[in-house]
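Okay, so here's the structure we're looking at.
Here is how names work: the chains are called A, B, and so on, in the same order as the sequence lines, proteins then strands, and each is numbered from 1.
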Amino acid sequence: MRYDRSVHEVARDLVGATLRHGATAGRIVEVESYHQEEPACHAFIGPRPRTEVLFGPPGFAYVYRSYGIHALVNVVCEKEDVGAAVLIRALEPVDGIELMRERRGPVADRDLTNGPGKLTEALGITLEMNGVDLASGPIQIEPRTSGREPEVVTGTRIGITKAIELEWRFCDATSEYVSRPWPAAMRSAGRR
DNA sequence: GTATGGATCTTCT
DNA sequence: GAAGATCCATACA
């Protein structure tokens with residue numbers, strides 16, 4: 001997978017790919033793209049110590065702390081010095097499901113990885129992995145080569161207060177593991 | 001089923 | 001001091 005191109009193209013291609021860390025892996029079913037041109041992106045205000053990875057070369061992991069509690073994982077895209085990344089928001093468990101259950105505690109299987117903070121906990125991805133190389137590091141991404149074809153649908157991003165009009169959320173409509181139900185417009189169009 | 005508040009930390013005002 | 005790319009427990013319908 002090449003990451004030195006439009007963050008939105010990469011986001012679409014990541015739906016259906018596999019995110020792997022150690023013995024655990026999941027099929028990516030929901031992502032969002034962020035770009036320094038819009039205010040919801042951490043890179044909007046320019047490079048800061050916390051966000052320097054966003055401005056580094058593509059193909060690296062940007063892991064940061066959200067709401068003081070959770071680790072969220074992103075894939076850095078576009079060329080160096082451009083701050084853009086794809087946030088991984090939900091997975092379907094594929095490998096190491098027992099280990100995920102141990103890490104996540106007593107929750108339903110559906111809740112193992114259907115949120116950005118949940119999937120990092122289930123896969124054991126921590127803040128220490130900020131800046132690791134996805135081509136050689138502990139976190140790997142395997143492009144979809146066979147198996148189920150995702151039905152990619154787009155919508156507005158979730159959990160933000162700025163640039164909420166941009167439809168930069170990409171989901172697999174065939175998956176039960178998206179983090180939230182579809183926006184009303186999608187449901188009324190006949191999707192689930 | 002929806003609604004609300006707490007946990008906890010980095011960054012900015 | 002406040003807000004944020006969140007999750008969970010609890011309360012109520």
Check nucleotides 7-10 of chain C against the protein and report each pair of N or O atoms closer than 3.5 Å, with its distance, or say if there are none.
from, atom 1, to, atom 2, distance (Å)
C:dC7, OP1, A:Pro116, N, 3.0
C:dC7, OP1, A:Gly117, N, 2.8
C:dC7, OP1, A:Lys118, N, 3.4
C:dC7, O4', A:His70, NE2, 3.0
C:dC8, OP1, A:Arg104, NH1, 3.0
C:dC8, OP1, A:Arg104, NH2, 3.0

Between the protein and nucleotides 9-12 of chain B, are there any N/O to N/O pairs under 3.5 Å, and if so, what are the atom names and distances?
from, atom 1, to, atom 2, distance (Å)
B:dC12, OP1, A:Arg48, NE, 2.5

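For residues 14-33 of chain A, the set of pairs meeting the salt bridge (Lys or Arg N to Asp or Glu O under 4.0 Å) definition, not counting sequence neighbours, comprises A:Arg20-A:Asp95, A:Arg20-A:Glu142, A:Arg27-A:Glu92, A:Arg27-A:Asp172, A:Glu30-A:Arg89, A:Glu30-A:Arg169, A:Glu32-A:Arg89. Applying the salt bridge (Lys or Arg N to Asp or Glu O under 4.0 Å) test to every pair with at least one member in residues 67-78 of chain A, sequence neighbours left out, gives no pairs at all. Legend: ring pair (Phe, Tyr, Trp, His ring centres under 6.0 Å) pairs involving residues 131-171 of chain A, not counting sequence neighbours, sorted by first then second residue: A:His8-A:Trp168. Within the structure, ring pair (Phe, Tyr, Trp, His ring centres under 6.0 Å) contacts touching residues 101-128 of chain A (residues at least two apart or in different chains) do not occur.
Residues of residues 90-103 of chain A that place a heavy atom closer than 4.0 Å to DNA chain C do not occur. The stretch residues 12-38 of chain A touches DNA chain C through A:Tyr34, each having a heavy atom within less than 4.0 Å of the strand.
Crowding of A:Ile164 atom CD1: a count of heavy atoms from other residues, nucleotides or ligands under 6.0 Å not exceeding 12.
Nucleotide C:dA5 holds its P atom 18 Å from the CZ atom of A:Phe170, rounded to whole Å. Nucleotide C:dA5 holds its C1' atom 13 Å from the CG atom of A:Leu166, rounded to whole Å.
Under the rule for a side-chain contact (heavy atoms from CB on, under 4.5 Å), A:Glu52 has no partner lying at least two apart in sequence or in another chain.
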May I have the list of side-chain donor-acceptor pairs in residues 133-141 of chain A shorter than 3.5 Å, sequence neighbours left out?
from, atom 1, to, atom 2, distance (Å)
A:Asp133, OD1, A:Ala135, N, 2.9
A:Gln140, NE2, A:Gly137, O, 3.4

Cut-off 3.5 Å, no hydrogens considered: what does the side-chain donor-acceptor table look like for residues 61-77 of chain A, sequence neighbours left out?
from, atom 1, to, atom 2, distance (Å)
A:Tyr62, OH, A:His42, ND1, 2.9
A:Asn74, ND2, A:Tyr62, O, 3.2

(message) If a pair means Watson-Crick or G-U wobble with both distances below 3.5 Å, what does DNA chain B look like in dot-bracket form, with | marking bases paired to a different strand?
(response) |||||||.||||.

